[in-house]
There are 2 protein chains.
Amino acid sequence: MSVTIKDIARIANLSHSSVSRALNNSNLVNEETIKKVKLIASELGYIPNYSAKGLSLNKSFNIGLFFPTLYEGTSAYFFYEAMQAVMKVIKNEYKLVIANVDDYKEAKYINKRNFDGIILVSQSCRDDFFINKILENEIPLVVLNRYVNSYRVNNIISDDRQGVCRAIEYLIENGHKKIAFIEGKEGLEPAKERKEGYFDAFLNNDIQLRKDYIVKGEYNIHSGYVAMQKILTVSDLPTAVFCSNDEMAAGALKAIYEKGLKVPGDISVVGFDNSIISSFSSPSLTTVNKPIKQMSTKGAEKILQIINSNVNEVETLYIKTDLVIRESVKSLI
Amino acid sequence: MSVTIKDIARIANLSHSSVSRALNNSNLVNEETIKKVKLIASELGYIPNYSAKGLSLNKSFNIGLFFPTLYEGTSAYFFYEAMQAVMKVIKNEYKLVIANVDDYKEAKYINKRNFDGIILVSQSCRDDFFINKILENEIPLVVLNRYVNSYRVNNIISDDRQGVCRAIEYLIENGHKKIAFIEGKEGLEPAKERKEGYFDAFLNNDIQLRKDYIVKGEYNIHSGYVAMQKILTVSDLPTAVFCSNDEMAAGALKAIYEKGLKVPGDISVVGFDNSIISSFSSPSLTTVNKPIKQMSTKGAEKILQIINSNVNEVETLYIKTDLVIRESVKSLI
DNA sequence: TAAAGTATTGCAACCGTGTGCAAGAGTGTG
DNA sequence: CACACTCTTGCACACGGTTGCAATACTTTA
């Protein structure tokens with residue numbers, strides 16, 4: 001049996017109400033009393049019962065970090081970064097509860113009473129049903145990583161499109177014109193955005209798009225490998241390849257090496273994410289930095305702010321991506 | 001305001017006690033009543049208040065997954081694998097709360113009432129104070145990844161030592177005798193175990209150890225790079241290098257390439273963990289598979305079993321590692 | 001038909017904490 | 001000295017569930 005405020009009250013010769021007030025620094029209580037109570041509490045090793053606190057305060061002390069179908073699409077790296085960032089912000093004030101959207105398909109257990117706030121990492125509109133559930137329940141919500149077209153949703157997204165456009169233009173600046181593109185997973189918003197960025201750069205620079213330089217991928221290493229193999233069958237080989245994420249870039253590297261070609265000597269490669277993989281690989285990858293940590297930090301801060309102020313001024317935050325230049329691009333000029 | 005059992009009771013013309021029993025399938029309640037209550041509950045979209053449930057049942061519905069100092073030492077990959085595995089086991093019965101040991105240094109908020117069970121991923125005896133706190137509080141505990149010398153602690157560990165020994169012997173079978181070793185982070189138990197495995201193999205095969213072939217590392221890519229550079233200064237170069245994890249192996253690859261040497265042509269490389277990196281790299285790495293998923297699954301199952309049966313038969317489980325043969329080792333025979 | 005047994009339900013207390021309101025003690029004012 | 005005021009405390013109820021026990025209705029048995 002753990003120590004409760006009643007135990008403290010007995011020893012301090014007070015009512016449990018006064019003890020409760022003292023522990024919460026209420027100014028209704030004598031300063032001396034507060035000191036005494038806190039001393040006894042720490043001597044007894046008192047730890048509040050959060051179920052009781054929650055029941056009485058109508059809170060849960062839980063912040064949910066939800067991922068879409070964990071079993072595909074979310075990289076370990078994204079996961080790790082996001083979690084760490086959120087954890088740092090919420091500290092011990094709240095517990096960080098990890099869950100995936102799929103397990104809560106019927107939203108059976110989601111409730112304002114069981115989650116004080118939810119941060120959702122979203123990849124596609126398949127999560128919209130979930131978002132609606134959360135909104136219905138009036139739980140503070142922040143959606144990361146995908147633009148949600150709703151005036152009711154706090155949204156924090158990175159500018160993937162512009163990031164890719166910048167990366168492609170960097171290639172162009174370096175004399176590349178024959179630039180292939182490996183797409184991300186079909187149906188995922190950020191994948192579409194990245195493709196748009198590729199188109200933007202070609203439009204801006206009056207370069208003709210080539211259908212045979214655009215190949216589908218699945219975001220995993222194997223798909224990058226296969227996609228690159230396909231690109232390498234084109235008779236007029238590209239001088240550079242943009243891969244919609246770093247993992248696929250790693251796969252692409254492999255396919256290029258197997259063909260006996262060199263990176264960046266024969267073909268330049270650019271990735272996206274600035275994940276650890278991009279610095280692991282040889283050569284290290286020039287890549288677009290996706291500020292996952294920053295996005296997640298902002299998201300967590302926003303959630304806390306909503307909870308604490310009880311005001312939800314819905315906003316959409318864009319966080320800039322930037323190009324990380326490493327060794328995988330050769331200048332043709 | 002959410003729906004409560006009292007709302008259901010009012011509509012069903014019952015007392016809230018009967019509703020509670022009905023929702024819990026008590027056999028004290030008429031079957032018809034149960035059906036009626038459940039129907040109303042689902043129509044109203046009733047979701048139990050876990051704070052209230054917890055308060056009355058003396059439970060928290062939280063399972064804690066604790067990591068040691070997240071900011072170093074634990075790889076994103078380990079993290080991801082462990083979390084997914086645990087999540088799959090506990091499903092919706094419990095919430096998965098992620099935390100790191102450091103944030104709970106004074107164990108301020110840890111309590112039998114706030115955690116129904118804790119799974120700790122441990123790397124070194126620096127976590128022992130934490131383990132003791134948990135034991136004091138009589139919270140069901142499973143420690144993963146590091147052997148804890150205590151008859152009170154459930155322990156699930158992989159046989160790293162034997163795994164490394166096997167890997168080294170595989171090199172020996174392939175004609176290697178000059179085998180360097182890059183150590184893991186100093187002070188971490190699994191790192192020591194892996195080193196012992198290296199020694200074991202040398203002893204078993206009557207090969208002389210060489211001091212200049214053993215170099216310290218820090219488990220991250222950069223340290224692997226630096227360590228390998230150091231090894232490459234030895235006049236009599238080794239024909240193979242064992243790296244205590246895959247990340248350092250990636251660093252080592254880089255150092256080798258920069259020296260103008262080939263893998264596995266000039267030097268063979270073996271890693272440890274079978275992390276994604278090992279299949280990304282070129283060449284793909286021969287590595288020791290650490291069954292993180294399996295360990296975590298077992299750990300979660302054990303926790304649930306203790307909670308449900310209220311019996312804690314302390315046990316230590318060894319899970320076998322195995323060698324994954326890929327492309328980074330050359331046969332010298 | 002009365003007694004005993006069983007099935008079903010409600011009452012009331014409890015889990016640990018927070019809080020509105022009343023009450024008491026102490027202080028200051030005219 | 002009476003009154004008003006402030007400071008501090010305790011009482012009692014609330015939060016939303018669970019559960020022991022009593023009460024009622026119904027069934028079975030002799």
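Chain letters run A, B, ... following the sequence lines, proteins first and then strands; every chain starts at 1. Computed over heavy atoms, backbone and side chain alike; hydrogens, waters and symmetry mates excluded.
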Among the candidates C:dC15, D:dC13, C:dC11, find the nucleotide nearest to the side-chain atoms of A:His16.
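Out of C:dC15, D:dC13, C:dC11, the nucleotide with an atom closest to A:His16's side chain is D:dC13.
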
**Asked** Considering only C:dT17, D:dT8, D:dC11, which nucleotide approaches the side chain of A:Ala52 most closely?
**Response**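 Between C:dT17, D:dT8, D:dC11, the one nearest the side chain of A:Ala52 would be C:dT17.
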
- Message: Distance to the ring centre below 6.0 angstrom and angle to the axis at most 45 degrees; does that hold for B:Lys293 and B:Tyr80?
- Response: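 No - B:Lys293 does not lie over the ring of B:Tyr80 by the 6.0 Å and 45° rule.
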
- Atom CZ of B:Arg10 and atom C1' of C:dT9: how far apart are they, to the nearest Å?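 Result: 18 Å.
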
Tell me which nucleotide among C:dT17, D:dC11, D:dC15 gets nearest to the side chain of A:Leu55.
->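 For the A:Leu55 side chain, the nearest candidate turns out to be D:dC15.
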
- Message: So if I take every side-chain heavy atom of A:Arg21 and compare against C:dT17, D:dG17, C:dT19, which nucleotide ends up nearest?
- Response: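 Of C:dT17, D:dG17, C:dT19, C:dT19 is nearest to the side chain of A:Arg21.
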
Among the candidates D:dG16, D:dT19, C:dT17, find the nucleotide nearest to the side-chain atoms of B:Ser20.
->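 The answer is D:dT19.
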
*asked:* Rounded to whole Å, how long is the line connecting atom NZ of A:Lys112 with atom C1' of D:dG16?
replied: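 To the nearest whole Å, that distance equals 17 Å.
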
Set out, in order, the CA-CA distance, both residues' side-chain angles and the distance that settles side-chain hydrogen bond (donor to acceptor under 3.5 Å, both in side chains) for B:Asn114 and B:Ser60, then state yes or no. CA-CA 5 Å; B:Asn114 299 328; B:Ser60 66; over 6 Å; no

- request: Please work out if B:Asn13 contacts a base, only the sugar-phosphate, or nothing of the nucleic acid, heavy-atom cut-off 4.0 Å.
  value: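 It contacts sugar-phosphate atoms only.
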
Q) For A:Lys59 and C:dG18, what is the distance between atoms NZ and P respectively, to the nearest whole Å? A)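 Interatomic distance, NZ of A:Lys59 to P of C:dG18: 12 Å.
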
Answer with yes or no whether B:Ser17 presents, from its side chain, a donor or acceptor under 3.5 Å of a partner atom in the base of C:dC11.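 Pair found.
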
So how far is it from B:Asn137 CG to A:Ser2 OG, rounded to the nearest 0.5 Å?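 The OG atom of A:Ser2 is 7.5 Å from CG of B:Asn137, to the nearest 0.5 Å.
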
* In terms of side-chain heavy atoms of A:Pro48, which of C:dT17, D:dT18, C:dA12 is nearest? ->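 The nucleotide sitting nearest to the side chain is C:dT17.
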
Would you indicate what B:Thr33 reaches in the nucleic acid, counting non-hydrogen atoms under 4.0 angstrom: base, sugar-phosphate, or nothing?
->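 Counting heavy atoms under 4.0 Å across all strands, the contact made by B:Thr33 is with sugar-phosphate only.
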
(message) Just N and O in the side chain of B:Lys53: are any of them under 4.0 Å from OP1 or OP2 of D:dT18?
(response)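 True: B:Lys53 side-chain N/O within range (under 4.0 Å) of D:dT18 OP1/OP2.
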
### Query
Can A:Lys59 be said to sit on top of A:Tyr94's aromatic six-ring, NZ or CZ under 6.0 Å from centre and within 45° of the ring axis?
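Judged by the rule (NZ or CZ under 6.0 Å from the ring centre, within 45° of its axis), A:Lys59 is not positioned above A:Tyr94.
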
Options C:dG10, D:dA12, D:dT9, nucleotide nearest the side-chain atoms of B:Ser15:
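The answer is C:dG10, which lies nearest to the side chain.
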
* Separation of atom CG in B:Asp7 from atom C1' in D:dG17, rounded to whole Å ->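 The distance from CG of B:Asp7 to C1' of D:dG17 comes to 13 Å, rounded to the nearest Å.
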
query: Considering only C:dG16, C:dT8, D:dG17, which nucleotide approaches the side chain of B:Asn30 most closely?
result: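 Within the option list, the nearest is C:dT8.
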
Does B:Tyr46 put a side-chain nitrogen or oxygen below 4.0 Å from OP1 or OP2 of D:dG17?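 Answer is yes, contact under 4.0 Å.
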
Could you state the CG-P distance from B:Leu23 to D:dT19, rounded to the nearest angstrom?
->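 Rounded to whole Å, this separation is 13 Å.
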
**Message:** Under a 3.5 Å distance rule, please check whether B:Asn145 uses its side chain to pair with a backbone N or O of B:Ile157 as donor and acceptor.
**Reply:**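 Checked: no pair found.
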
(message) Within the 4.0 Å heavy-atom criterion, would you say B:Leu28 contacts the bases, only the backbone, or no part of the nucleic acid?
(response)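 Base contact - B:Leu28 has a heavy atom under 4.0 Å of at least one base atom.
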
Practice item. Take the protein atom NZ of A:Lys6 and the nucleotide atom P of D:dG10, then report the distance between them rounded to whole Å. Key: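 So the NZ-P distance, A:Lys6 to D:dG10, works out to 14 Å.
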
- Go through the steps to decide whether B:Ser26 and B:Asn24 satisfy the test side-chain hydrogen bond (donor to acceptor under 3.5 Å, both in side chains), and finish with yes or no. CA-CA 5 Å; B:Ser26 159; B:Asn24 291 309; over 6 Å; no

Next item on the list: Specify the separation, in whole Å, of atom CD1 of A:Ile8 and atom P of D:dG10.
Entry: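 So the two atoms are 14 Å apart, to the nearest Å.
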
How many Å lie between CG on B:Leu57 and P on C:dG16, as a whole number?
->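 Going from B:Leu57 (CG) to C:dG16 (P), I get 13 Å.
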
Check: For the side chain of A:Asn49, counting heavy atoms from C-beta on, which of C:dT19, D:dT18, C:dG16 is nearest?
Finding: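 The closest nucleotide is C:dG16.
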
Check: Contact class for B:Ile5 (heavy atom, under 4.0 Å): base, sugar-phosphate, or nothing?
Finding: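 Contact class for B:Ile5: base.
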
Which is true for A:Leu14 with a 4.0 Å heavy-atom rule: it touches a base, it touches only sugar-phosphate, or it touches nothing?
->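 Counting heavy atoms under 4.0 Å across all strands, the contact made by A:Leu14 is with sugar-phosphate only.
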
